[in-house]
Amino acid sequence: MKTSRLILGTQRENPSDAEIISHQLMIRAGLIRQVSSGIYNWLPIGKKVLQKVEAIIRSEMDNSGAQEILMPMVQPASLWEESGRIDQYGQELLVFFDRHENKFCLGPTHEEIITDLCKNLITSYKQLPITLYQIQTKFRDEIRPRFGVMRSREFLMKDAYSFDLNKEGLDRSYSIMKEAYTNIFDRLCLDYRVVKADSGAIGGSDSEEFHVLADSGEDLLAFSDKSSYAINAELLNELNEGQDPYSLDGKPSPDGKGVLKLKKGIEVGHIFKLGKKYSEVLNLRIQAEDQDIFPEMGCYGIGASRIVAASIEQNHDDKGILWPKPLAPFDVAIVEVNPKNNVKVTNKCSELYEQFKEHKIDVLWDDRDKRPGVKFNDMEVIGMPYTVIVGERTLKTGEYELKERVDEKPKLVSHQDLVANIKN
RNA sequence: CGGGGCAUAGCGCAGCCUGGUAGCGCACCUGCUUUGGGAGCAGGUGGUCGCAGGUUCAAAUCCUGCUGCCCCGACCA
């Protein structure tokens with residue numbers, strides 16, 4: 001891709017209404033533009049990053065044996081009435097009517113739909129265990145959307161649902177999914193923690209949250225300094241009858257080992273053991289050997305769009321985003337210095353551009369007739385992991401200037417090392 | 001929903017108090033000069049001043065109502 005054709009959408013100034021760094025940078029780097037409160041357009045660069053996140057999630061989900069499906073965003077409200085959640089969810093559920101005056105809602109989650117689907121799809125216990133997942137747009141009419149895509153009303157989510165014959169099976173499916181989550185967040189290069197959590201409106205028994213550590217996080221997490229004990233402070237607080245969560249700092253850990261330390265986290269994943277809650281209420285009955293059973297269900301969510309913001313919270317400097325390589329929108333940028341001055345420079349860029357493409361390196365060639373500083377700044381704010389600088393200065397030497405985003409200055413490398421470095 | 005703030009060009013803002021031709025910087029377009037860290041000069045494009053009503057000869061500006069957006073709180077797989 002050449003920048004002369006790419007809709008970059010970078011901006012020099014911070015938007016006045018963005019408070020946290022990831023929101024500011026997502027707009028300045030041209031990842032998103034706001035449409036309405038909590039509703040965003042994803043521009044080309046942002047969409048590419050989002051797709052990288054999706055691809056990692058998809059590959060680990062597939063690897064775990066889960067099967068991808070796609071469920072509708074629009075759901076009949078009758079299913080929510082049947083499950084009893086229409087009142088429980090309240091106004092966060094966006095309800096509307098079609099031309100026949102039938103009541104529908106925009107799906108904030110899909111337990112009802114998937115359970116209903118499986119009523120016809122799963123005809124025998126021999127088909128269990130099964131885990132189905134989708135990556136899809138959700139809508140929750142949040143009381144107060146904020147911080148860009150961090151807490152938006154419309155957002156991209158991976159949600160998975162497991163069905164097992166019994167509790168032991170559910171434990172297995174749950175731990176398989178937990179392992180898949182660990183792989184996913186590792187590959188996403190996030191600094192995260194797994195904590196015990198409140199299962200909230202989804203219901204069920206055990207539940208754990210995956211939190212990206214960041215000062216801008218909206219959740220308070222408590223960790224023991226001597227053991228692996230970790231819990232959402234909100235939940236611990238409920239157990240301790242509503243005291244100030246911050247007062248937990250320094251208190252003895254409930255597991256008796258060490259004292260509690262507090263940190264803020266961004267919830268990017270949540271896994272639940274639902275049990276029979278939905279299978280019973282929606283009457284998902286499956287034939288087993290000697291009697292019908294209600295399968296033990298689990299559900300597993302990951303906020304894909306939120307991960308983009310969370311990654312930026314952990315990876316930025318005063319110049320812009322510092323994407324970890326697996327998330328970067330491109331592998332490398334070629335900055336062409338003063339394109340109009342010297343055809344040889346352009347020819348060299350063209351040659352490199354083709355070579356990168358042959359090596360399956362996703363390359364962005366900044367061929368714009370702009371001053372070098374403008375290009376450097378643009379490539380830095382969007383967080384290109386590598387930039388090759390091509391200008392008259394180094395053209396003759398036969399070496400290449402390769403600048404890593406995290407480094408102050410470029411280093412001179414041979415052609416062979418250039419490709420090797422970028423692919424590493 | 002309670003409290004606070006904002007709404008004027010794609011972005012950032014001034015003008016409003018004291019009514020009288022809608023402005024500045026950045027971005028964008030054209031030309032010339034420049035060229036290794038956000039260039040200079042000259043010319044240019046782009047606005048129902050959030051919406052509706054009112055006062056007035058005249059409203060971005062004064063009055064009333066509404067809407068949208070942001071922040072704090074409550075809430076939140």
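Computed from heavy atoms alone, side chains included, the values below leave out hydrogens, waters and symmetry copies. Protein chains get the first letters and strands the later ones, always in sequence-line order, with residue 1 at the start of each.
For A:K340 and B:U35, the NZ to P distance is 14 Å, given to the nearest whole Å. Atom CZ of A:R393 and atom C1' of B:G37 are 11 Å apart (whole Å). Distance A:L220 CG to B:C76 C1': 16 Å, rounded to the nearest Å. Distance, A:H23 NE2 to B:C69 C1': 11 Å, rounded to whole Å. With rounding to whole Å, A:D369 atom CG is found 14 Å from B:U30 atom C1'. Atom CG of A:L94 is separated from atom P of B:C76 by 19 Å (rounded to the nearest Å). Taking atom NZ of residue A:K370 and atom C1' of nucleotide B:A27, one finds them 8 Å apart after rounding to whole Å. Between the CG atom of A:D141 and the P atom of B:C75 there is a distance of 18 Å, given to the nearest Å.
Between B:G19 and B:C11, the two C1' atoms lie 30 Å apart (nearest whole Å). As rounded to the nearest Å, B:G73 and B:A39 have C1' atoms that lie 48 Å from one another. For the P atom pair drawn from B:C69 and B:U21, the interatomic distance equals 33 Å after rounding to whole Å.
The base of B:C76 sits within donor-acceptor range of the side chain of A:R151, with an N or O pair under 3.5 Å.
Applying the Watson-Crick and G-U wobble criteria (two distances, each under 3.5 Å), B:A39 pairs with B:U33. Nucleotide B:G2: paired with B:C72 (Watson-Crick or G-U wobble, both distances less than 3.5 Å). Across all strands shown, the partner of B:C28 is B:G44, judged by Watson-Crick or G-U wobble contacts whose two distances both fall under 3.5 Å. Searching all strands for a Watson-Crick or G-U wobble partner of B:A7 with both distances below 3.5 Å returns B:U67.
Figure legend: A:K276 and A:F294 shown without cation-pi pairing, the cationic atom not lying both under 6.0 angstrom from the six-membered ring centre and within 45 degrees of its axis.
When the side-chain nitrogen and oxygen atoms of A:R371 are compared with OP1 and OP2 of B:G37, none of them lie within a distance under 4.0 Å. Contact annotation: A:S36 reaches the phosphate of B:C69 (side-chain N/O to OP1 or OP2, under 4.0 Å).
Interface residues of residues 9-19 of chain A facing RNA chain B, ordered by number: A:Q11, A:R12, A:E13, A:N14, A:P15, A:S16, A:D17, A:E19; criterion, heavy-atom separation under 4.0 Å.
Here A:E209 lies out of heavy-atom contact (under 4.0 Å) with every strand. At a threshold of 4.0 angstrom between heavy atoms, the contacts of A:E218 with the nucleic acid are absent. Within the nucleic acid shown, A:I27 has no heavy atom closer than 4.0 Å to any nucleic acid atom. A:T394 comes within 4.0 angstrom of a base, heavy atoms only. Backbone-only contact: A:F147 has heavy atoms under 4.0 Å from sugar-phosphate atoms and none from a base. A:Q91 comes within contact range of no nucleotide atom at all, as no heavy-atom separation falls under 4.0 Å.
Ring orientation note: the planes of A:H270 and A:F272 are close to parallel, at an angle under 30° on the 30°/60° scale. Ring geometry, A:Y300 versus A:Y174: the interplanar angle falls from 30° to 60°, so the pair is classed tilted.
No more than 12 heavy-atom neighbours from other residues, nucleotides or ligands sit within 6.0 angstrom of CG on A:D215. When the shell of 6.0 Å around CD of A:Q127 is examined, it contains more than 12 heavy atoms from other residues, nucleotides or ligands.
Checking side-chain atoms of A:N421 against main-chain N and O of A:D417 turns up a donor-acceptor pair under 3.5 Å.
In this structure, A:K325 and A:D331 have side chains that are not in contact, with every pair of non-hydrogen atoms separated by 4.5 Å or more. Here the side chains of A:I184 and A:F210 are not in contact, with every heavy-atom distance at 4.5 Å or above.
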